[in-house]
Amino acid sequence: MDEKTLKGGGFIKLRGADRWAVRVKVLLGDMNVAQLRHLADIAEEFGDGEFHLTVRQGIEIRGVRLTDFDAIHARLAEAGLGTGSCGARVRVPVACPGSAVCKRGLNDTAPLAREIDRRLYGRENLPHKLKTAVSGCSASCAKPQGNDVGFAGALEPVLDERDGACIACGLCAGVCPSGALELDAEGRPVIDLARCDREGACVNACPTGAIGVARRGWRVYVGGKFGAHPALAYEIASFVDTSDALEIAGRTVDAFERLGEGRERLRDTIDRVGLDVFAREVLGNA
């Protein structure tokens with residue numbers, strides 16, 4: 001195999017003669033203790049006895065020999081592990097813990113990230129690499145705006161109109177970052193959903209639970225990247241459900257394969273064909 005093919009399979013050439021690293025796929029940054037112990041054995045047996053934690057929640061074992069390629073793959077499989085994709089492919093999605101762990105999380109990130117991984121991970125024949133990220137709220141800890149395709153949790157607030165539910169404390173209006181929530185003459189909140197950022201601050205601030213959640217969904221970003229010429233992603237949808245988010249992720253990859261030219265990143269493709277054109281390609285009926 002040539003170096004490009006090896007890189008696609010998670011083996012990366014390092015500086016120096018016959019020095020390689022194997023990149024281990026760690027979905028969502030989660031790994032159990034037994035797997036970590038197994039990796040430690042692999043690092044001692046085949047590598048230099050150390051791990052490197054990548055910025056995308058993966059693990060690299062350095063100092064491995066190319067002749068151990070098959071043996072390392074076999075040893076990883078024993079613990080239900082595999083190598084991470086590199087090169088012009090869909091990479092492993094990254095995600096924050098989401099609402100399953102974080103008190104600020106609006107959505108559980110794991111189901112969406114795992115489905116993106118199942119459907120799209122490792123897909124080839126793209127002009128360049130494509131990275132995805134899922135964040136549970138607008139804090140954007142997984143940096144969805146810095147990825148080719150990103151999702152951030154969102155919710156739609158709703159006021160309980162029953163007498164006595166709202167105590168007219170005004171806390172919700174004080175924390176609303178978008179100015180989408182104002183108080184009426186009686187001190188009760190009036191929510192303008194057209195201006196709402198869907199970040200959930202009013203829901204979290206309400207001491208009585210009078211402001212609840214009508215529905216949960218995702219904000220959608222495309223075209224973010226870092227590198228020599230970083231750019232924040234474009235937001236192309238402010239609220240979609242999980243099934244639509246998955247379809248949008250898939251259609252984005254399809255559009256990139258079809259419209260991308262040369263070795264350009266997705267952002268370059270979007271800017272060349274136009275954001276409106278690209279958005280129509282991927283949003284469909286979402």
Side-chain angles (χ1 to χ4, degrees), residues 7-12 14 20-40 42-43 47 50-62 64 72-73 75-77 79-123 126 128-153 218 221-222 224-227 230 232-233 242 245-246 249 252-253 265-266:
K7 185 177 181 181
F11 265 65
I12 303 166
L14 303 179
W20 296 76
V22 58
R23 183 168 293 175
V24 181
K25 179 184 178 183
V26 185
L27 182 58
L28 307 176
D30 292 336
M31 186 173 289
N32 62 47
V33 172
Q35 289 174 320
L36 281 172
R37 288 184 177 132
H38 192 80
L39 277 184
I42 294 173
E50 296 182 354
F51 295 140
H52 170 70
L53 305 181
T54 74
V55 297
R56 290 187 61 81
Q57 301 177 325
I59 292 176
E60 286 182 3
I61 299 173
R62 295 174 174 172
V64 303
I72 291 173
H73 270 279
R75 294 280 279 122
L76 288 171
L81 298 170
T83 56
S85 64
C86 300
R89 294 169 175 79
V90 177
R91 304 294 182 84
V92 181
V94 298
C96 72
S99 60
V101 174
C102 179
K103 65 180 182 180
R104 290 193 58 180
L106 304 180
N107 293 347
D108 186 1
T109 56
L112 177 56
R114 290 187 184 280
E115 275 300 298
I116 290 173
D117 176 73
R118 186 181 70 82
R119 298 187 188 191
L120 300 174
Y121 169 70
R123 181 165 160 180
L126 303 179
H128 214 298
K129 59 190 172 186
L130 187 139
K131 298 179 178 180
T132 62
V134 183
S135 276
C137 73
S138 60
S140 298
C141 293
K143 300 179 178 61
Q145 299 94 333
N147 280 258
D148 298 282
V149 187
F151 301 95
W218 303 95
Y221 302 92
V222 295
K225 65 173 184 173
F226 287 95
L232 290 178
T242 298
L246 286 167
T252 300
V253 178
R265 289 290 299 271
L266 177 63

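Note that the structure is a prediction, hence the values are computed from the model and not measured.
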**Prompt:** Would a distance-only check, ignoring hydrogens and angles, find a side-chain to backbone donor-acceptor pair under 3.5 Å from T109 to C96?
**Reply:** yes
**Prompt:** Less than 4.5 Å apart, any side-chain heavy atom of H73 and any of T83?
**Reply:** yes
**Side chains of V26 and V92 in contact at under 4.5 Å (non-hydrogen atoms)** = no
**Asked** Can the positive tip of K131 be found less than 6.0 Å from the middle of the six-membered ring of F226, inside 45° of the ring normal?
**Response** no
**Asked** Where the side chain of R89 meets the backbone of C86, is there a donor-acceptor pair that is under 3.5 Å apart?
**Response** yes
**Reported OH-to-CZ distance for the pair Y121 and R114, which is rounded to 0.5 angstrom** = 14.0 Å
**Fill in**
Taken to the nearest 0.5 Å, the spacing of S140 OG from Y221 OH works out to 5.5 Å
**Asked** What's the spacing between R75 CZ and I61 CD1 if we round to 0.5 Å?
**Response** 10.0 Å
Could you pull out all donor-acceptor pairs under 3.5 Å where a side-chain atom in residues 99-106 meets a protein atom, sequence neighbours excluded?
{"from": "S99", "atom 1": "OG", "to": "N107", "atom 2": "O", "distance (Å)": "3.2"}
{"from": "S99", "atom 1": "OG", "to": "D108", "atom 2": "N", "distance (Å)": "2.9"}

**Request:** May I ask you to test the P93-L27 pair for a side-chain heavy-atom distance under 4.5 Å?
**Result:** yes
**Message:** Are P111 and T242 packed together at the side-chain level, in the sense that at least one heavy-atom pair is separated by less than 4.5 angstrom?
**Reply:** no
**Request:** Could you label the plane-to-plane angle of the F151 and W218 rings as parallel, tilted or perpendicular, counting under 30° as parallel and over 60° as perpendicular?
**Result:** perpendicular
**Item:** Exceeds 12 heavy-atom contacts within 6.0 angstrom, atom NZ of K7
**Value:** no
**Prompt:** Roughly how far, to the nearest 0.5 Å, is the CZ atom of R37 from the CE atom of M31?
**Reply:** 13.5 Å
**Request:** Taking all heavy atoms of A245 and all of L112, pick out the closest pair and write down the distance.
**Result:** CB-CD1, 4.1 Å
**Heavy-atom side-chain proximity of D148 to R91 below 4.5 angstrom** = no
**Item:** Pairwise side-chain contact, I12 with R23, heavy-atom cut-off 4.5 Å (strictly under)
**Value:** yes
**Message:** Just so I know, are the side chains of Q35 and L39 near enough to count as touching, which here means a heavy-atom distance under 4.5 Å?
**Reply:** no
**Prompt:** Does any donor atom in the side chain of N147 or R56 lie under 3.5 Å from an acceptor atom in the other side chain?
**Reply:** yes
**Message:** Using a 3.5 Å distance criterion without hydrogens, assess whether the side chain of S85 forms a donor-acceptor pair with backbone atoms of V90.
**Reply:** yes
**Prompt:** Just by distance, do the side chain of Q145 and the backbone of L232 share a donor-acceptor pair under 3.5 Å?
**Reply:** no
**Nearest non-hydrogen partners of G224 and R265, listed with the distance** = O-NH2, 4.1 Å
**Message:** Do F11 and I72 have side chains that approach each other closer than 4.5 Å (heavy atoms only, starting at C-beta)?
**Reply:** yes
**Request:** Any chance you could measure K25, atom NZ, to L76, atom CG, to the nearest 0.5 Å?
**Result:** 12.5 Å
**Asked** T132 side chain to V149 main-chain N or O, any donor-acceptor pair under 3.5 Å?
**Response** no
**Message:** So, taking the atom named OG1 in T54 and the one named CD1 in I59, what distance separates them when rounded to the nearest 0.5 Å?
**Reply:** 8.5 Å
**Request:** Work out which heavy atom in A152 is nearest to a heavy atom in P144; give both atom names and the distance.
**Result:** CB-CG, 4.2 Å
